[in-house]
Amino acid sequence: MATAPTTTAKAVKGGSFLLEDRAPDEVFTPEDFTDEQRQIGQMTEEFLTNEVLPQVEKIEHGDKKLLIELMHKAAELGLMGADVPEAYGGAGLDKVSSTIIAEKMARYASFAVSHGAHSGIGTLPIAYFGTEEQKKKYLPRLASTELISSYCLSEAEAGSDAMGLKTRADLAPDGKHWVLNGQKMWITNGAIADLFIVFAKVGGEKISCFIVEKGMPGFSVGPEEKKMGIKGSSTTPLFFDNAQVPAENLLHEIGRGHIVAFNTLNFGRFKLGAYCVGGGKYSLAETLRYAQERKAFGKSIAEFGLIQHKLAEMAIRLYAGESMIYRTAGMIDAALHAGGAGDAIQHAMKTLEEYAIECSANKVTASETVDYVVDEMVQVFGGYGFHQDYPAERAFRDARINRIFEGTNEINRLLIVGMLFKRALKGELPLLAAAKKVADELMSGPGTSSAPSGPLGAEAALVGASKKAFLFAAGVAGQKYMDKLADEQEVAGALADIVMDTYAAESALLRTQKIAARKGSAPLQTAATRVFVADALDRVEQNARTVLAACAEGDTLRAQLALLRRLLKREPPNTVALRRQVAHAALDANRYPF
Ligand SMILES: Cc1cc2nc3c(=O)[nH]c(=O)nc-3n(C[C@H](O)[C@H](O)[C@H](O)COP(=O)(O)OP(=O)(O)OC[C@H]3O[C@@H](n4cnc5c(N)ncnc54)[C@H](O)[C@@H]3O)c2cc1C
């Protein structure tokens, strides 16, 4: 079921959204889905509804056989090898389609996590870095789930600090085997996997990657971890006790395992954003249903303003998250379609590396969005939100992991700023020149730009101002700390938050403008965008103030704060009325309303 690549989006440089303005028709949005992409979404949704959801209780109680059977069924529909090229037995789908699949899989978090570990981070290392022989040997069997896979980087003493891993690999004297010693921890699919993408240090020093098969001598899988959530997924430790791995199972090059690990994680983060948005939409639908059914003080609780505020805010944040995720998917597809020199798979990997900043931004924003959604879901359910017989309780527990794996949100925040500055210093992104230009512009006094016009003119101007606020604050922080910025984590974190809010706000804005241009108007999306931009700008201002106050003091700080205030000067819209509008639409639709 290969689909044509999505080409409506423009291929742009990763991170360049902070420096350049985009037109609505340059970004991909969910409204641009082709019929084929919609059908893929519908098929995945039906599979989840008809096959997976009836089995949730059994899977939650550890029925691994059933979990594997369902993975086989999903594979028959082409859902387990969406990102594997057709030449190797996969569906070879474009990234928008595989993002849609990830989003729909999130209907049941444990199944989604098992799906992601297998079809994403467990399969792509071989697709991207395998030799022709390795690809032919493994990829068709992975796409069909004859083999189930896992990604094995973390250790008990090395999670965020993954490169501190201690598992060791040495070539046996006869040169025919690698001998692996050590332990892995937290391996998703551990108990059901046949294949393990294992990172170990050759000679205790050179990080490398190996394809380990179940049953290889000296290799064993430990017991299930007792987790807070995603209890239907398998998470185990792995043990290597002089484990023998054939020499030809080295994946990529000795000492280049970190390249395999990090590029795979870029992809994992991008997909995780889609799983989070998908999970959030289902939780919102359950919340809307409950809010309309539950009566208090003689009315349905959905009639109370404070409940409507929550329902609207859930929908609005999901709208922004969804907008940034499909915008990113469209950019990736456009870059893939534009092609590059050399091997297509290598090009795919380079493309994901190019958008590493956006992938991290999606991961953090979407995982914090779904956590907001499920937290408010519990609140709307009241006491029943705290009861295991109601859906909020599991949704709340299941969502929490998303801020921890695929790089914690702290690590991803640091990566966003680290990558931006690295690209700037390498001359790949003219961040420093742009920061200087903004500082000069601000210091030269109020500009003569015309007053914003049109339904979202003020919001468009604010998104532009948000980019300038980032450049101004980043410029000040860069000058103060230079290459030591990474040591000032709170400053880097505040800058990362501005980056993410800017990307989310602009993605929602451009999407709404695109819909309005096509349909003549987009009242609901406009209401959501106005609320999101207004709140995002408050956060941007607060974060920029934090950065400036950490970098300067006295008159200098006061002058900088005055410039910032002038840059971000705005009148708040009536977010109470706008949220009510969104809440009413969501309640009428009884689901995510966009
Ligand atoms: C259910 C589950 C499934 C998982 N699946 C997999 C899998 O399939 N494969 C795999 O390889 N791993 C997997 N993991 C492991 C996961 O990726 C790690 O737990 C995660 O990377 C965090 O590592 P850690 O647990 O060692 O926490 P730590 O690294 O000890 O972090 C603890 C806290 O310190 C913070 N911190 C750490 N370093 C810094 C820093 N430099 N600056 C600021 N803050 C910092 C973290 O953000 C976090 O808040 C899984 C984990 C869980 C719980």
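In each ligand, atom 1 is the first atom listed, and ligand 1 is the first ligand listed.
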For residues 414-426, run the donor-acceptor check on the side chains, cut-off 3.5 Å, and write out each pair with its distance to 0.1 Å, sequence neighbours left out.
unit_1 : atom_1 : unit_2 : atom_2 : d
Arg423 : NH1    : Gly14  : O      : 3.2
Arg423 : NH1    : Glu354 : O      : 3.0
Arg423 : NH2    : Glu353 : O      : 3.0
Arg423 : NH2    : Glu354 : O      : 3.0

Would you list the atom pairs, donor with acceptor, under 3.5 Å between side chains in residues 188-205 and any protein atom, with sequence neighbours excluded?
unit_1 : atom_1 : unit_2 : atom_2 : d
Asn189 : ND2    : Ser114 : O      : 3.2
Asn189 : ND2    : Ser149 : O      : 3.1
Asp194 : OD2    : Ile148 : N      : 2.7
Lys201 : NZ     : Met163 : O      : 2.8
Lys201 : NZ     : Leu165 : O      : 3.2

Output yes when the distance from some N or O of ligand 1 to some N or O of [X] is under 3.5 Å, and no in every other case.
{"X": "Thr235", "result": "no"}
{"X": "Met185", "result": "no"}
{"X": "Glu155", "result": "no"}
{"X": "Asp161", "result": "no"}

Below a 4.0 angstrom heavy-atom separation, can you tell me which part of [X], side chain or backbone, both or neither, approaches ligand 1?
{"X": "Ile411", "result": "side chain"}
{"X": "Thr408", "result": "side chain"}
{"X": "Ile401", "result": "side chain"}
{"X": "Lys227", "result": "side chain"}

So, for [atom], does the protein have a heavy atom nearer than 4.0 Å?
{"atom": "atom 32 (C) of ligand 1", "answer": "no"}
{"atom": "atom 20 (C) of ligand 1", "answer": "yes"}
{"atom": "atom 2 (C) of ligand 1", "answer": "yes"}

Going by the closest heavy atom to atom 7 (C) of ligand 1, which one wins out of Trp186, Phe196, Phe199?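 Checking each option, the heavy atom nearest atom 7 (C) of ligand 1 is found in Trp186.
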Please name the residue in the list Arg400, Arg539, Arg413 that meets the salt bridge (charged side-chain N to carboxylate O under 4.0 Å, His left out) test with Glu368.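 Answer to the salt bridge (charged side-chain N to carboxylate O under 4.0 Å, His left out) test with Glu368 among Arg400, Arg539, Arg413: Arg413.
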Let me know which of Lys281, Arg317, Arg327 forms a salt bridge (charged side-chain N to carboxylate O under 4.0 Å, His left out) with Glu322. Lys281
If you measure from CD1 on Ile404 to CD on Glu406, what distance do you get to the nearest 0.5 Å?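 Rounded to the nearest 0.5 Å, the CD1-CD separation comes to 12.5 Å.
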About how many Å separate OH of Tyr275 and NZ of Lys104, when rounded to the nearest 0.5 Å? 14.0 Å
Which residue holds the protein heavy atom closest to [atom], what is that atom called, and what is the gap in Å?
{"atom": "atom 26 (O) of ligand 1", "value": "Gly159 CA, 3.2 Å"}
{"atom": "atom 9 (N) of ligand 1", "value": "Tyr151 O, 2.7 Å"}
{"atom": "atom 27 (O) of ligand 1", "value": "Ser160 OG, 4.3 Å"}
{"atom": "atom 44 (N) of ligand 1", "value": "Glu410 CB, 4.0 Å"}
{"atom": "atom 15 (C) of ligand 1", "value": "Ser154 OG, 3.2 Å"}

Under 4.0 Å to a heavy atom of Gln489 - the qualifying atoms of ligand 1, by number: 40 (C), 41 (N), 42 (N), 43 (C)
Within the 4.0 Å heavy-atom shell around Thr188, which atoms of ligand 1 are there? 3 (C), 4 (C), 5 (N), 6 (C), 7 (C), 8 (O)
How far apart are the C-alpha atoms of Lys231 and Asp398, what are their side-chain angles, what is the distance that settles it, and do they pass the salt bridge (charged side-chain N to carboxylate O under 4.0 Å, His left out) test? CA-CA 8 Å; Lys231 287 175 184 278; Asp398 282 353; over 6 Å; no
Check against side-chain hydrogen bond (donor to acceptor under 3.5 Å, both in side chains), Thr235 and Lys227: CA-CA 8 Å; Thr235 315; Lys227 306 188 294 269; 2.8 Å; yes
For the residue pair Ser110 / Glu60, report whether a side-chain donor-acceptor contact shorter than 3.5 Å exists. yes
For a quick check under 3.5 Å, do Asn409 and Lys363 share a side-chain donor-acceptor pair by atom type?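 Note: Asn409 and Lys363 side chains meet the donor-acceptor criterion.
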Around atom CD of Gln379, are there more than 12 heavy atoms from other residues, nucleotides or ligands closer than 6.0 Å? no
So, 4.0 Å and heavy atoms of Leu414: is ligand 1 close enough to count as a contact? yes
Consider side-chain hydrogen bond (donor to acceptor under 3.5 Å, both in side chains). Of Ser119, Ser98, Ser97, which one does Asp83 pass it with? Ser98
